[in-house]
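Numbers here are sequence positions counted from 1. Treat the numbers as computed from the prediction; the structure is a model and nothing was measured.
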Amino acid sequence: MPTTLPTDPAFDSPASQSAPLPLGQQLVANGCVTARQLDLALRRHQSTGGQDESAHLVGRTLVEMGCISQAELLGCLSRQFAQERDAYQVSSDIPPVIRLEQVVKILDGRRVLDAVDLAIPANRVTAIIGMSGGGKSVIMKHMVGLMKPDQGSVWVGEHSLGRISGRELTRVRGRFSLLFQGGALFDSLNVFDNVAFPLREKTRLSEIDIRARVMRCLEEVNLVGMERKFPDELSGGMMKRAALARALVTNPEILLLDEPTAGLDPIIENAIHYLICDTFMRTRYTMVVISHAVPEIFKWSHHVIVLHRGKVLFSGPSREVMASPDPVIRQFIRGDLDGPIQVI
């Protein structure tokens, strides 16, 4: 593995949206580790049987070697994410991977989604925010075809979910993984079996391959050693990490996270945000996050969609939403009692 870094336009121009360097080279480019340390880490990874699919765990190897601490690694990744987020504010013309066009959904006589138009940029982190009951989770269910619109259309790539067969819909759903709001771990299964569940249900992998993939995902979320514990033996933060490992184990293209920090204290909430950043920087999955962690979520998102009473009030770069003059958006961000949103 050469120790010199190739020129990459993603680092030459802040507005460039070309493919970024591999994780290890990003760490070198940002001065977090030296090229020699990266070379030694990659050699060690190869000598211990590391495969290409887990090469993004080179950061963990650098930590194990004492080249950088875990906190320093997360700090480096978050700074790199901030650079990419800022570049997105300048140039946000990214092809969408999911689109909703004029989507209307009526539930119990209430218009939950009212002619919703939105686009989810590929390989970026998008946050969907808004008041409780505003339709955020309903939108997420439409994205994976769990709900069908009463009017309008939902597209995933070139597929209109309302026009494809059941078999094709299953194939499209295979591109997604979902982190449920409460984690949704099975109480009767330990952490290992919870994470292995989708592989046993949806693939024909051998138990040897399943074990290798599960343990890799547990390593990604720092839960190695906890695989035999049951959900009732885990803290709230550990349950979220186990649920994230289960979502990652199928190697999805698109990761949906429904309130990943709900019910957590501020320190654990911050740790989960760092973990989401870490996951994105390693995998480059398209991520859609439903969150009430305002304004903190703006730090961890490229793109933000503001939903209010079933309508999209704003969709664009995260920095722009904070500067929005819309009184509803300003009240929601600030958490003010006075304003157009009446809560008491």
Side-chain angles (χ1 to χ4, degrees), residues 94-107 112-130 132-186 194-195 197-203 217 240 242-260 262 276 279-280 283-291 301-305 307 310 312 315:
I94 304 297
V97 67
I98 304 171
R99 289 178 289 130
L100 273 65
E101 298 178 348
Q102 289 293 294
V103 169
V104 173
K105 188 64 180 180
I106 299 173
L107 297 173
V112 179
L113 300 182
D114 189 1
V116 166
D117 284 308
L118 62 80
I120 304 297
N123 308 115
R124 298 295 183 273
V125 181
T126 297
I128 301 179
I129 66 172
S132 297
K136 300 183 298 298
S137 294
V138 174
I139 281 180
M140 189 170 280
K141 291 175 181 178
H142 277 76
M143 290 179 181
V144 293
L146 293 176
M147 281 187 173
K148 294 182 179 181
D150 296 321
Q151 298 177 33
S153 57
V154 179
W155 294 78
V156 177
E158 298 304 314
H159 299 281
S160 174
L161 300 191
R163 301 176 186 171
I164 59 178
S165 67
R167 179 175 295 180
E168 289 173 316
L169 178 58
T170 298
R171 189 177 301 116
V172 170
R173 284 175 175 166
R175 300 172 63 180
F176 289 84
S177 274
L178 175 61
L179 174 61
F180 295 93
Q181 183 174 148
L185 298 177
F186 297 106
N194 262 287
V195 177
F197 184 83
L199 297 180
R200 290 170 174 160
E201 288 292 307
K202 299 179 181 180
T203 75
C217 287
K240 294 283 188 179
L244 179 58
R246 185 174 62 185
L248 295 174
V249 78
T250 56
N251 294 328
E253 297 176 45
I254 305 165
L255 183 58
L256 307 180
L257 302 100
D258 190 359
E259 293 287 1
I276 292 172
T279 301
F280 173 78
T283 64
R284 297 289 164 171
Y285 296 151
T286 299
M287 293 188 177
V288 182
V289 185
I290 291 177
S291 179
S301 306
H302 301 91
H303 193 87
V304 173
I305 296 169
L307 199 67
V312 173
S315 179

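Residues V172 and I164 have side chains in contact (heavy-atom distance under 4.5 Å, counting atoms from C-beta outward). By the 4.5 Å heavy-atom criterion applied to side chains, P121 and T126 are counted as neighbours. With a 4.5 Å cut-off on side-chain heavy atoms, F176 and T250 do not count as touching. Between H302 and I94 there is no side-chain heavy-atom pair separated by less than 4.5 Å. Residues I305 and K136 fail the side-chain proximity criterion, which asks for heavy atoms closer than 4.5 Å. At least one side-chain heavy atom of I139 sits under 4.5 Å from a side-chain heavy atom of L118. Looking only at side-chain heavy atoms (C-beta outward), F280 and L255 stay at 4.5 Å or farther from each other. Side-chain atoms of S301 and V289, non-hydrogen and from C-beta on, never get closer than 4.5 Å to each other.
Scanning all heavy atoms of the two residues, the minimum distance from L113 to G135 falls at CD2-O, 3.7 Å. Nearest heavy-atom pair, L161 versus H142, reported as atom, atom and distance to 0.1 Å: CD1-O, 3.6 Å. Here the closest non-hydrogen pair linking P198 and N194 is CD-O, 3.8 Å. Of all the heavy atoms in M143 and V156, the pair that sits closest is O-CG2, 3.6 Å. For the pair K105 and V138, the tightest heavy-atom approach, listed with the atom from each and the gap, is CG-CG1, 4.3 Å. Annotation for L179 and A243: closest pair CD1-CB, 3.1 Å, computed over non-hydrogen atoms.
Atom OG of residue S165 and atom CZ of residue R171 lie 7.0 Å apart, to the nearest 0.5 angstrom. Here S153 contributes atom OG and Q151 contributes atom CD; the two are 11.5 Å apart, rounded to the nearest 0.5 Å. Interatomic distance, OG of S137 versus CG of L256, reported as 10.5 Å (0.5 Å rounding). Atom CE in M287 sits 13.5 Å away from atom CD1 in I120 (nearest 0.5 Å).
Put simply, the side chain of S177 gets close to the backbone of A247: a donor and an acceptor are under 3.5 Å apart.
Applying the side-chain hydrogen bond (donor to acceptor under 3.5 Å, both in side chains) rule to H303 yields the partners Y88, S315; only residues at least two apart in sequence or on another chain are considered. In terms of the side-chain hydrogen bond (donor to acceptor under 3.5 Å, both in side chains) criterion, residue partners of D117 (sequence neighbours excluded) are, by chain and number, Q102. A search for side-chain hydrogen bond (donor to acceptor under 3.5 Å, both in side chains) contacts involving R175 returns E253, not counting sequence neighbours.
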field: Pair I290-Q181, side chain to side chain contact (heavy atoms under 4.5 Å, CB included): steps then yes or no
entry: CA-CA 9 Å; I290 291 177; Q181 183 174 148; over 6 Å; no
key: Test side chain to side chain contact (heavy atoms under 4.5 Å, CB included) applied to M140 and L178, step by step   = CA-CA 9 Å; M140 189 170 280; L178 175 61; 3.6 Å; yes
Pair L146-R173, side chain to side chain contact (heavy atoms under 4.5 Å, CB included): steps then yes or no: CA-CA 10 Å; L146 293 176; R173 284 175 175 166; 4.1 Å; yes
